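As the structure is a computational prediction, the values presented were derived from the model and not from experiment. To find a chain, count down the sequence lines: A is the first, B the second, and so on, and within it residues start at 1.
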Amino acid sequence: MTIHNLYIFDRNGTLMYYGEWNRKKAGTMNKEEEGKLVYGMLFSLRSFLEKISPLDLKDNSFCYRTSKYKMNYWESPTGVKFVMNTDLSSPNVKDLLRLIYQMVYVEYVVKNPVCPMGEYIHSELFAQKLDEVVKSSLIYTSKTS
Amino acid sequence: MALPPQSTSTTAPPDELPLELLHGELIFSGILLSKDKEGDINELLSKLEFIGFSTGYRLIERLLKDSTRFKDELDTIKFICKDFWVAIYKKQIDNLRTNHQGTYVLQDNCFKLLSKISATKQYLEHGPKFLAFTCGIIRGALSNLGISSVVVAEISTMPTCRFHITIQRAT
Amino acid sequence: MSRQSTSSRITADSKKVNSELFVLTYGTLVQQLVKDYESVEDVNKQLERIGYNIGLRVIEDFLARTNYPRCTDLRDTAEKIQAAFKMYLNATPSLSNVTADEFSLVFESTPFGEFTELPDACANLKYCNVLPGVIRGACEMVQMDVQAYVIADTLKGDNATEIRVRFIKKLHDALPAGED
(Lines give C-alpha, C1' and ligand atoms only; values in the text may rest on other atoms or scores of the structure.)
Protein backbone atom coordinates (compact mmCIF):
# COMPACT_ATOMS: atom_id res chain seq x y z
CA MET A 1 0.00 0.00 0.00
CA THR A 2 1.19 3.49 -0.76
CA ILE A 3 0.31 7.04 0.07
CA HIS A 4 1.23 9.41 -2.73
CA ASN A 5 0.18 12.89 -1.72
CA LEU A 6 -2.32 15.02 0.16
CA TYR A 7 -4.14 18.28 -0.53
CA ILE A 8 -6.03 20.25 2.10
CA PHE A 9 -8.50 22.91 0.96
CA ASP A 10 -10.50 25.27 3.10
CA ARG A 11 -14.22 25.62 2.52
CA ASN A 12 -13.65 28.30 -0.09
CA GLY A 13 -11.32 26.13 -2.11
CA THR A 14 -8.10 27.82 -1.04
CA LEU A 15 -5.22 25.37 -1.03
CA MET A 16 -4.15 25.26 2.63
CA TYR A 17 -1.56 22.55 2.41
CA TYR A 18 0.10 20.18 0.02
CA GLY A 19 2.31 17.29 1.09
CA GLU A 20 3.75 14.33 -0.75
CA TRP A 21 5.30 11.05 0.30
CA ASN A 22 5.63 8.73 -2.66
CA ARG A 23 4.74 10.80 -5.65
CA LYS A 24 6.45 9.01 -8.47
CA LYS A 25 5.79 11.48 -11.22
CA ALA A 26 6.37 15.16 -10.69
CA GLY A 27 3.44 17.40 -11.55
CA THR A 28 3.60 19.49 -14.70
CA MET A 29 2.36 22.70 -13.12
CA ASN A 30 2.97 24.63 -9.95
CA LYS A 31 1.19 23.64 -6.75
CA GLU A 32 -1.21 26.51 -6.81
CA GLU A 33 -2.44 25.76 -10.32
CA GLU A 34 -2.59 22.07 -9.59
CA GLY A 35 -4.59 22.81 -6.43
CA LYS A 36 -7.10 24.87 -8.40
CA LEU A 37 -7.48 22.09 -10.93
CA VAL A 38 -8.01 19.45 -8.25
CA TYR A 39 -10.48 21.60 -6.36
CA GLY A 40 -12.43 22.49 -9.48
CA MET A 41 -12.71 18.85 -10.47
CA LEU A 42 -13.75 17.80 -6.96
CA PHE A 43 -16.31 20.55 -6.74
CA SER A 44 -17.93 19.46 -9.98
CA LEU A 45 -17.66 15.80 -9.15
CA ARG A 46 -19.23 16.28 -5.75
CA SER A 47 -22.17 18.27 -7.05
CA PHE A 48 -22.58 15.71 -9.81
CA LEU A 49 -22.58 12.89 -7.27
CA GLU A 50 -25.12 14.67 -5.11
CA LYS A 51 -27.41 15.29 -8.06
CA ILE A 52 -27.46 11.79 -9.46
CA SER A 53 -27.11 9.83 -6.23
CA PRO A 54 -29.88 7.28 -5.72
CA LEU A 55 -29.20 7.45 -1.96
CA ASP A 56 -28.94 10.23 0.57
CA LEU A 57 -25.22 11.05 0.81
CA LYS A 58 -24.43 11.56 4.45
CA ASP A 59 -20.82 10.73 4.58
CA ASN A 60 -19.13 13.65 2.85
CA SER A 61 -16.59 11.30 1.41
CA PHE A 62 -16.04 9.58 -1.89
CA CYS A 63 -13.23 8.31 -4.02
CA TYR A 64 -12.54 7.68 -7.66
CA ARG A 65 -10.09 5.18 -9.03
CA THR A 66 -8.12 4.82 -12.20
CA SER A 67 -6.27 1.67 -13.11
CA LYS A 68 -3.23 3.00 -11.22
CA TYR A 69 -4.29 5.10 -8.28
CA LYS A 70 -7.21 6.12 -6.10
CA MET A 71 -8.18 9.65 -5.13
CA ASN A 72 -9.84 9.73 -1.71
CA TYR A 73 -11.92 12.69 -0.58
CA TRP A 74 -13.20 13.46 2.91
CA GLU A 75 -14.74 16.69 4.08
CA SER A 76 -15.14 17.87 7.68
CA PRO A 77 -18.56 19.21 8.71
CA THR A 78 -16.98 22.66 8.53
CA GLY A 79 -16.10 22.14 4.89
CA VAL A 80 -12.35 21.55 5.21
CA LYS A 81 -11.50 19.17 2.40
CA PHE A 82 -8.85 16.47 2.61
CA VAL A 83 -7.81 14.78 -0.62
CA MET A 84 -5.31 11.94 -0.63
CA ASN A 85 -3.98 9.94 -3.55
CA THR A 86 -3.12 6.36 -2.69
CA ASP A 87 -2.57 3.15 -4.58
CA LEU A 88 -5.57 0.96 -5.36
CA SER A 89 -5.19 -1.48 -2.48
CA SER A 90 -5.28 1.06 0.38
CA PRO A 91 -8.41 0.57 2.48
CA ASN A 92 -10.22 3.03 4.77
CA VAL A 93 -8.34 6.09 3.63
CA LYS A 94 -11.22 8.25 4.77
CA ASP A 95 -10.57 7.14 8.37
CA LEU A 96 -7.00 8.32 8.02
CA LEU A 97 -8.20 11.64 6.62
CA ARG A 98 -10.57 12.06 9.54
CA LEU A 99 -7.69 11.28 11.90
CA ILE A 100 -5.53 13.90 10.21
CA TYR A 101 -8.32 16.41 10.72
CA GLN A 102 -8.76 15.54 14.39
CA MET A 103 -5.17 14.99 15.47
CA VAL A 104 -3.26 17.35 13.26
CA TYR A 105 -5.43 20.02 11.65
CA VAL A 106 -7.48 20.85 14.73
CA GLU A 107 -4.56 20.56 17.15
CA TYR A 108 -1.86 22.37 15.17
CA VAL A 109 -3.73 24.78 12.92
CA VAL A 110 -6.97 25.61 14.72
CA LYS A 111 -5.20 25.83 18.09
CA ASN A 112 -2.20 27.68 16.76
CA PRO A 113 -3.08 31.38 16.76
CA VAL A 114 -0.11 32.10 14.50
CA CYS A 115 -1.86 30.18 11.69
CA PRO A 116 -4.59 32.35 10.17
CA MET A 117 -7.61 30.27 9.21
CA GLY A 118 -8.07 29.95 5.48
CA GLU A 119 -4.48 30.65 4.48
CA TYR A 120 -1.68 28.35 3.45
CA ILE A 121 -0.23 26.48 6.46
CA HIS A 122 3.45 27.27 6.87
CA SER A 123 3.83 25.76 10.33
CA GLU A 124 6.70 23.28 10.49
CA LEU A 125 5.18 21.72 13.59
CA PHE A 126 2.02 20.99 11.61
CA ALA A 127 4.07 19.40 8.82
CA GLN A 128 6.01 17.32 11.31
CA LYS A 129 2.89 16.03 13.09
CA LEU A 130 1.21 15.31 9.77
CA ASP A 131 4.23 13.32 8.64
CA GLU A 132 4.15 11.33 11.90
CA VAL A 133 0.48 10.47 11.54
CA VAL A 134 0.84 9.51 7.87
CA LYS A 135 3.95 7.42 8.44
CA SER A 136 2.44 5.58 11.38
CA SER A 137 -0.72 4.67 9.48
CA LEU A 138 -1.22 1.11 8.38
CA ILE A 139 -1.57 2.26 4.79
CA TYR A 140 1.93 3.70 4.86
CA THR A 141 3.67 0.97 6.84
CA SER A 142 2.04 -2.10 5.30
CA LYS A 143 4.18 -3.70 2.63
CA THR A 144 1.47 -5.70 0.91
CA SER A 145 1.11 -4.74 -2.69
CA MET B 1 17.09 21.58 41.36
CA ALA B 2 15.46 19.26 38.90
CA LEU B 3 11.81 18.52 39.30
CA PRO B 4 10.53 15.11 38.24
CA PRO B 5 9.71 14.68 34.53
CA GLN B 6 6.12 14.39 33.47
CA SER B 7 4.31 13.28 30.40
CA THR B 8 2.26 15.68 28.34
CA SER B 9 -1.16 14.66 27.21
CA THR B 10 -2.24 15.04 23.60
CA THR B 11 -5.85 16.11 23.75
CA ALA B 12 -6.55 18.52 26.55
CA PRO B 13 -9.92 18.74 28.31
CA PRO B 14 -12.28 21.04 26.42
CA ASP B 15 -12.59 23.63 29.17
CA GLU B 16 -8.97 24.63 28.64
CA LEU B 17 -9.73 25.81 25.13
CA PRO B 18 -11.67 29.06 25.74
CA LEU B 19 -8.72 30.69 27.50
CA GLU B 20 -6.27 29.52 24.83
CA LEU B 21 -8.42 30.96 22.07
CA LEU B 22 -9.11 34.19 23.95
CA HIS B 23 -5.37 34.53 24.58
CA GLY B 24 -4.71 34.09 20.86
CA GLU B 25 -7.26 36.80 20.08
CA LEU B 26 -5.69 39.21 22.57
CA ILE B 27 -2.44 38.78 20.68
CA PHE B 28 -3.55 38.82 17.07
CA SER B 29 -6.92 40.57 16.80
CA GLY B 30 -5.51 44.03 17.49
CA ILE B 31 -8.19 44.57 20.10
CA LEU B 32 -5.70 45.89 22.65
CA LEU B 33 -4.13 48.41 20.34
CA SER B 34 -5.34 51.94 20.16
CA LYS B 35 -6.00 52.99 16.57
CA ASP B 36 -3.32 55.61 16.26
CA LYS B 37 -0.63 53.21 17.44
CA GLU B 38 -1.52 50.23 15.36
CA GLY B 39 1.13 47.54 15.53
CA ASP B 40 2.92 48.97 18.54
CA ILE B 41 4.44 45.87 20.07
CA ASN B 42 5.33 47.52 23.37
CA GLU B 43 1.80 48.69 23.94
CA LEU B 44 0.56 45.17 23.21
CA LEU B 45 3.07 43.53 25.55
CA SER B 46 2.36 45.88 28.41
CA LYS B 47 -1.40 45.44 28.10
CA LEU B 48 -1.07 41.67 27.93
CA GLU B 49 1.13 41.82 31.00
CA PHE B 50 -1.37 43.98 32.83
CA ILE B 51 -4.29 41.70 31.97
CA GLY B 52 -2.20 38.80 33.26
CA PHE B 53 -1.30 40.69 36.42
CA SER B 54 -4.86 41.53 37.25
CA THR B 55 -5.97 37.98 36.48
CA GLY B 56 -3.19 36.36 38.50
CA TYR B 57 -3.84 38.67 41.43
CA ARG B 58 -7.48 37.68 41.61
CA LEU B 59 -6.98 34.04 40.70
CA ILE B 60 -4.63 33.30 43.57
CA GLU B 61 -7.28 34.39 46.06
CA ARG B 62 -9.70 31.85 44.72
CA LEU B 63 -7.21 29.03 44.60
CA LEU B 64 -5.50 29.16 47.97
CA LYS B 65 -6.83 27.29 50.93
CA ASP B 66 -7.49 29.55 53.89
CA SER B 67 -4.98 27.68 55.99
CA THR B 68 -2.14 28.19 53.55
CA ARG B 69 1.00 29.66 55.01
CA PHE B 70 4.29 30.07 53.24
CA LYS B 71 7.48 29.49 55.15
CA ASP B 72 9.52 31.98 53.18
CA GLU B 73 10.07 33.44 49.74
CA LEU B 74 11.54 30.23 48.31
CA ASP B 75 8.57 28.27 49.59
CA THR B 76 6.26 30.69 47.80
CA ILE B 77 8.19 30.38 44.55
CA LYS B 78 8.09 26.59 44.83
CA PHE B 79 4.35 26.82 45.24
CA ILE B 80 4.19 28.82 41.99
CA CYS B 81 6.31 26.16 40.25
CA LYS B 82 4.23 23.27 41.46
CA ASP B 83 0.65 23.67 42.61
CA PHE B 84 -0.02 26.94 40.82
CA TRP B 85 1.54 25.90 37.52
CA VAL B 86 -0.31 22.58 37.63
CA ALA B 87 -3.57 24.38 38.29
CA ILE B 88 -3.26 26.69 35.31
CA TYR B 89 -0.96 24.88 32.88
CA LYS B 90 -1.51 21.23 33.94
CA LYS B 91 2.17 20.53 34.51
CA GLN B 92 4.93 21.58 36.85
CA ILE B 93 7.78 23.90 36.05
CA ASP B 94 10.61 21.60 34.96
CA ASN B 95 13.50 23.39 36.53
CA LEU B 96 13.96 26.08 39.15
CA ARG B 97 17.19 27.95 39.77
CA THR B 98 17.95 30.69 42.22
CA ASN B 99 20.96 32.75 43.24
CA HIS B 100 19.48 32.97 46.75
CA GLN B 101 19.54 36.72 46.40
CA GLY B 102 16.08 37.26 45.08
CA THR B 103 16.43 36.05 41.51
CA TYR B 104 14.60 32.93 40.39
CA VAL B 105 14.59 31.30 36.97
CA LEU B 106 11.68 29.00 36.19
CA GLN B 107 12.09 26.81 33.14
CA ASP B 108 9.17 25.12 31.44
CA ASN B 109 10.32 22.64 28.80
CA CYS B 110 6.93 22.47 27.12
CA PHE B 111 5.06 25.65 27.87
CA LYS B 112 1.39 25.11 27.15
CA LEU B 113 0.77 28.33 25.25
CA LEU B 114 3.68 27.57 22.91
CA SER B 115 3.20 23.84 22.50
CA LYS B 116 0.90 24.07 19.45
CA ILE B 117 2.96 26.69 17.70
CA SER B 118 6.44 25.40 17.11
CA ALA B 119 9.05 22.90 18.22
CA THR B 120 11.89 24.76 16.58
CA LYS B 121 12.95 28.34 16.12
CA GLN B 122 10.12 28.95 13.65
CA TYR B 123 7.82 31.75 14.81
CA LEU B 124 10.35 32.71 17.49
CA GLU B 125 9.63 36.36 16.71
CA HIS B 126 6.11 35.84 18.10
CA GLY B 127 7.44 34.35 21.34
CA PRO B 128 7.36 37.44 23.57
CA LYS B 129 3.67 37.99 22.79
CA PHE B 130 2.86 34.50 24.05
CA LEU B 131 4.71 34.99 27.32
CA ALA B 132 3.68 38.49 28.42
CA PHE B 133 0.30 37.41 29.79
CA THR B 134 1.93 34.69 31.88
CA CYS B 135 4.66 37.02 33.16
CA GLY B 136 1.79 39.14 34.39
CA ILE B 137 0.03 36.18 35.98
CA ILE B 138 3.16 35.29 37.98
CA ARG B 139 3.74 38.89 39.03
CA GLY B 140 0.08 39.28 40.02
CA ALA B 141 -0.02 36.08 42.03
CA LEU B 142 3.21 36.98 43.88
CA SER B 143 2.00 40.48 44.47
CA ASN B 144 -1.11 39.22 46.20
CA LEU B 145 1.11 37.00 48.34
CA GLY B 146 3.01 40.06 49.45
CA ILE B 147 6.00 39.74 47.13
CA SER B 148 6.74 42.55 44.75
CA SER B 149 8.66 41.46 41.68
CA VAL B 150 9.62 42.02 38.07
CA VAL B 151 9.03 39.09 35.73
CA VAL B 152 10.49 38.75 32.25
CA ALA B 153 10.66 35.75 29.95
CA GLU B 154 12.94 34.36 27.27
CA ILE B 155 12.74 31.62 24.66
CA SER B 156 15.56 30.04 22.73
CA THR B 157 13.79 27.11 21.11
CA MET B 158 10.07 26.59 21.32
CA PRO B 159 8.26 25.30 23.29
CA THR B 160 10.86 25.77 26.05
CA CYS B 161 10.88 29.05 27.90
CA ARG B 162 12.25 30.62 31.05
CA PHE B 163 10.63 33.10 33.39
CA HIS B 164 13.04 35.29 35.32
CA ILE B 165 11.59 36.59 38.57
CA THR B 166 13.48 39.38 40.31
CA ILE B 167 12.17 40.21 43.75
CA GLN B 168 11.91 43.91 44.50
CA ARG B 169 12.83 44.53 48.10
CA ALA B 170 11.78 47.61 49.98
CA THR B 171 14.83 49.70 50.59
CA MET C 1 14.75 21.38 48.15
CA SER C 2 14.54 20.66 51.82
CA ARG C 3 10.84 20.22 52.18
CA GLN C 4 8.35 18.23 50.24
CA SER C 5 4.94 19.67 49.67
CA THR C 6 2.87 16.54 49.85
CA SER C 7 -0.62 17.93 49.74
CA SER C 8 -1.71 20.63 47.40
CA ARG C 9 -2.25 24.02 48.90
CA ILE C 10 -4.90 24.68 46.35
CA THR C 11 -8.58 24.46 47.13
CA ALA C 12 -10.58 21.36 46.37
CA ASP C 13 -12.56 23.01 43.61
CA SER C 14 -9.43 23.58 41.57
CA LYS C 15 -11.19 21.62 38.85
CA LYS C 16 -13.02 24.86 38.20
CA VAL C 17 -9.78 26.70 37.70
CA ASN C 18 -9.95 26.53 33.89
CA SER C 19 -13.22 28.36 33.73
CA GLU C 20 -12.20 30.76 36.50
CA LEU C 21 -9.03 31.64 34.67
CA PHE C 22 -11.05 32.30 31.54
CA VAL C 23 -13.70 34.32 33.33
CA LEU C 24 -11.14 36.45 35.18
CA THR C 25 -9.12 37.09 32.05
CA TYR C 26 -12.24 38.03 30.14
CA GLY C 27 -13.33 40.33 32.95
CA THR C 28 -9.99 42.11 32.96
CA LEU C 29 -10.17 42.44 29.20
CA VAL C 30 -13.60 44.08 29.41
CA GLN C 31 -12.31 46.55 32.02
CA GLN C 32 -9.36 47.33 29.81
CA LEU C 33 -11.54 47.91 26.75
CA VAL C 34 -13.88 50.19 28.67
CA LYS C 35 -10.82 52.24 29.54
CA ASP C 36 -9.39 52.14 26.01
CA TYR C 37 -12.43 52.80 23.83
CA GLU C 38 -14.37 55.99 23.87
CA SER C 39 -17.78 54.52 23.29
CA VAL C 40 -19.35 51.52 24.94
CA GLU C 41 -20.83 50.62 21.57
CA ASP C 42 -17.30 50.09 20.29
CA VAL C 43 -16.52 47.81 23.21
CA ASN C 44 -19.64 45.77 22.46
CA LYS C 45 -18.56 45.52 18.85
CA GLN C 46 -15.02 44.46 19.72
CA LEU C 47 -16.25 41.77 22.11
CA GLU C 48 -18.57 40.42 19.44
CA ARG C 49 -15.75 40.45 16.92
CA ILE C 50 -13.31 38.43 19.00
CA GLY C 51 -16.15 36.08 19.91
CA TYR C 52 -16.74 35.53 16.21
CA ASN C 53 -13.05 34.73 15.68
CA ILE C 54 -13.10 32.32 18.61
CA GLY C 55 -16.23 30.70 17.20
CA LEU C 56 -14.48 29.99 13.89
CA ARG C 57 -11.94 27.89 15.76
CA VAL C 58 -13.89 26.39 18.62
CA ILE C 59 -16.38 24.74 16.26
CA GLU C 60 -13.58 22.68 14.70
CA ASP C 61 -12.56 21.35 18.09
CA PHE C 62 -16.18 20.67 18.99
CA LEU C 63 -16.81 18.65 15.85
CA ALA C 64 -13.50 16.83 16.07
CA ARG C 65 -14.25 15.81 19.65
CA THR C 66 -17.86 14.83 19.22
CA ASN C 67 -17.99 13.48 15.68
CA TYR C 68 -21.48 14.92 15.41
CA PRO C 69 -23.04 14.71 11.96
CA ARG C 70 -24.64 17.72 10.29
CA CYS C 71 -27.63 19.19 12.09
CA THR C 72 -31.02 18.03 10.92
CA ASP C 73 -32.90 21.18 11.93
CA LEU C 74 -32.57 24.27 14.07
CA ARG C 75 -33.60 22.51 17.27
CA ASP C 76 -30.79 20.06 16.67
CA THR C 77 -28.40 22.99 16.25
CA ALA C 78 -29.71 24.60 19.43
CA GLU C 79 -29.15 21.41 21.41
CA LYS C 80 -25.62 21.10 20.13
CA ILE C 81 -24.84 24.69 21.11
CA GLN C 82 -26.28 23.89 24.51
CA ALA C 83 -23.95 20.88 24.77
CA ALA C 84 -21.01 23.02 23.72
CA PHE C 85 -21.67 25.54 26.51
CA LYS C 86 -21.58 22.69 28.99
CA MET C 87 -18.43 21.27 27.49
CA TYR C 88 -16.38 24.45 27.23
CA LEU C 89 -17.71 26.79 29.90
CA ASN C 90 -19.39 24.40 32.28
CA ALA C 91 -22.52 26.49 31.79
CA THR C 92 -25.96 24.95 31.44
CA PRO C 93 -28.29 27.18 29.47
CA SER C 94 -31.82 26.01 28.85
CA LEU C 95 -33.58 26.35 25.51
CA SER C 96 -36.71 28.35 25.16
CA ASN C 97 -38.98 29.87 22.52
CA VAL C 98 -37.73 27.48 19.89
CA THR C 99 -39.38 28.10 16.54
CA ALA C 100 -38.47 26.97 13.02
CA ASP C 101 -35.94 29.77 12.63
CA GLU C 102 -35.26 31.16 16.11
CA PHE C 103 -34.38 30.02 19.61
CA SER C 104 -33.13 31.38 22.93
CA LEU C 105 -30.40 30.17 25.24
CA VAL C 106 -31.30 31.11 28.80
CA PHE C 107 -28.70 31.22 31.57
CA GLU C 108 -29.96 31.49 35.13
CA SER C 109 -26.78 33.26 36.02
CA THR C 110 -24.43 34.48 33.33
CA PRO C 111 -21.48 32.25 32.57
CA PHE C 112 -19.40 35.21 33.72
CA GLY C 113 -21.71 36.09 36.56
CA GLU C 114 -20.20 34.81 39.73
CA PHE C 115 -17.44 37.39 40.07
CA THR C 116 -18.78 40.00 37.77
CA GLU C 117 -20.18 43.44 38.10
CA LEU C 118 -20.67 46.03 35.43
CA PRO C 119 -18.10 48.80 35.47
CA ASP C 120 -19.52 52.16 36.53
CA ALA C 121 -21.29 54.27 33.95
CA CYS C 122 -21.58 51.36 31.55
CA ALA C 123 -25.31 50.88 31.38
CA ASN C 124 -25.08 50.06 27.69
CA LEU C 125 -22.20 47.64 28.01
CA LYS C 126 -23.06 44.18 26.76
CA TYR C 127 -20.73 42.32 29.05
CA CYS C 128 -21.51 38.89 27.58
CA ASN C 129 -21.25 40.03 23.98
CA VAL C 130 -18.43 37.61 23.23
CA LEU C 131 -20.96 34.75 23.41
CA PRO C 132 -23.27 35.75 20.55
CA GLY C 133 -20.10 36.35 18.55
CA VAL C 134 -18.93 32.82 19.23
CA ILE C 135 -22.30 31.44 18.16
CA ARG C 136 -22.30 33.47 14.95
CA GLY C 137 -18.75 32.38 14.06
CA ALA C 138 -19.34 28.74 14.87
CA CYS C 139 -22.59 28.57 12.88
CA GLU C 140 -21.00 30.24 9.90
CA MET C 141 -18.44 27.43 9.73
CA VAL C 142 -21.23 24.90 9.37
CA GLN C 143 -22.82 26.90 6.55
CA MET C 144 -25.40 28.70 8.68
CA ASP C 145 -25.73 32.45 8.62
CA VAL C 146 -27.28 33.47 11.95
CA GLN C 147 -27.85 36.60 13.99
CA ALA C 148 -27.25 36.30 17.72
CA TYR C 149 -27.68 38.93 20.39
CA VAL C 150 -28.09 39.33 24.12
CA ILE C 151 -31.66 40.33 24.94
CA ALA C 152 -31.59 40.03 28.74
CA ASP C 153 -28.76 40.19 31.24
CA THR C 154 -28.68 39.39 34.96
CA LEU C 155 -25.96 42.01 35.34
CA LYS C 156 -28.60 44.59 34.45
CA GLY C 157 -31.17 43.23 36.84
CA ASP C 158 -32.96 40.80 34.53
CA ASN C 159 -33.99 37.46 35.99
CA ALA C 160 -31.87 35.54 33.53
CA THR C 161 -29.38 36.14 30.77
CA GLU C 162 -30.86 35.34 27.40
CA ILE C 163 -29.18 35.04 24.02
CA ARG C 164 -31.52 35.01 21.05
CA VAL C 165 -30.37 33.27 17.88
CA ARG C 166 -32.08 33.78 14.53
CA PHE C 167 -31.41 31.70 11.45
CA ILE C 168 -30.97 33.84 8.35
CA LYS C 169 -29.91 31.57 5.54
CA LYS C 170 -27.88 28.59 4.53
CA LEU C 171 -24.45 29.37 3.13
CA HIS C 172 -22.86 27.53 0.23
CA ASP C 173 -19.29 26.67 -0.59
CA ALA C 174 -17.69 29.18 -2.89
CA LEU C 175 -17.54 28.19 -6.53
CA PRO C 176 -14.07 27.43 -7.77
CA ALA C 177 -12.33 30.23 -9.59
CA GLY C 178 -12.95 30.07 -13.33
CA GLU C 179 -10.41 28.21 -15.39
CA ASP C 180 -9.06 30.37 -18.12
Legend entry - B:K90 vs C:V17, side chain to side chain contact (heavy atoms under 4.5 Å, CB included): CA-CA, chis, key distance, verdict: CA-CA 11 Å; B:K90 316 305 162 202; C:V17 67; 3.8 Å; yes
With a sphere of 6.0 Å drawn around [atom1] of [X], does it hold more than 12 non-hydrogen atoms of other residues, nucleotides or ligands?
{"X": "C:K45", "atom1": "NZ", "result": "no"}
{"X": "B:N99", "atom1": "CG", "result": "yes"}
{"X": "B:E154", "atom1": "CD", "result": "yes"}
{"X": "C:E38", "atom1": "CD", "result": "no"}

So which heavy atom on [X] is nearest to which on [Y], and how close?
{"X": "B:P14", "Y": "C:Y88", "value": "O-CD2, 3.2 Å"}
{"X": "C:N18", "Y": "B:A87", "value": "OD1-O, 4.3 Å"}
{"X": "C:F22", "Y": "B:L22", "value": "CE1-CD2, 3.7 Å"}

Inset, instruction - Any chance you could lay out the side chain to side chain contact (heavy atoms under 4.5 Å, CB included) test for C:V58 and B:L21, step after step, and finish with the verdict? - result: CA-CA 8 Å; C:V58 80; B:L21 294 181; 3.8 Å; yes
Inset, instruction - Give a yes or no on whether the backbone of C:L21 and the side-chain of B:R58 come within a donor-acceptor separation of less than 3.5 Å. - result: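 A pair under 3.5 Å: no.
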Inset, instruction - With side chain to side chain contact (heavy atoms under 4.5 Å, CB included) as the test, would you mind laying out the steps for C:R49 and B:I31 before giving the verdict? - result: CA-CA 9 Å; C:R49 180 172 72 90; B:I31 191 168; 4.2 Å; yes
Part of [X] lying under 4.5 Å from any heavy atom of chain C:
{"X": "B:F133", "value": "side chain"}
{"X": "B:L26", "value": "side chain"}
{"X": "B:L17", "value": "side chain"}

I need the [X] [atom1] to [Y] [atom2] distance, nearest 0.5 Å.
{"X": "B:I51", "Y": "C:Q31", "atom1": "CD1", "atom2": "CD", "result": "10.5 Å"}
{"X": "B:K47", "Y": "C:K35", "atom1": "NZ", "atom2": "NZ", "result": "9.0 Å"}
{"X": "C:Q32", "Y": "B:S54", "atom1": "CD", "atom2": "OG", "result": "9.0 Å"}
{"X": "B:E25", "Y": "C:L47", "atom1": "CD", "atom2": "CG", "result": "11.5 Å"}

Please state whether the side chain, the backbone, both or neither of [X] comes within less than 4.5 Å of a heavy atom of chain B.
{"X": "C:L89", "result": "side chain"}
{"X": "C:Y26", "result": "both"}
{"X": "C:N90", "result": "neither"}

Inset, instruction - Let me see the working for B:H23 and C:T25 under side chain to side chain contact (heavy atoms under 4.5 Å, CB included), right down to the final yes or no. - result: CA-CA 9 Å; B:H23 184 251; C:T25 306; over 6 Å; no
Inset, instruction - Please determine, among C:I54, C:L33, C:D61, the option with the most heavy-atom pairs under 4.5 Å with chain B. - result: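 Heavy-atom pair counts peak at C:I54.
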Legend entry - Carboxylate-amine/guanidinium contact C:K16 B:D15, below 4.0 Å: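 No, this pair does not count.
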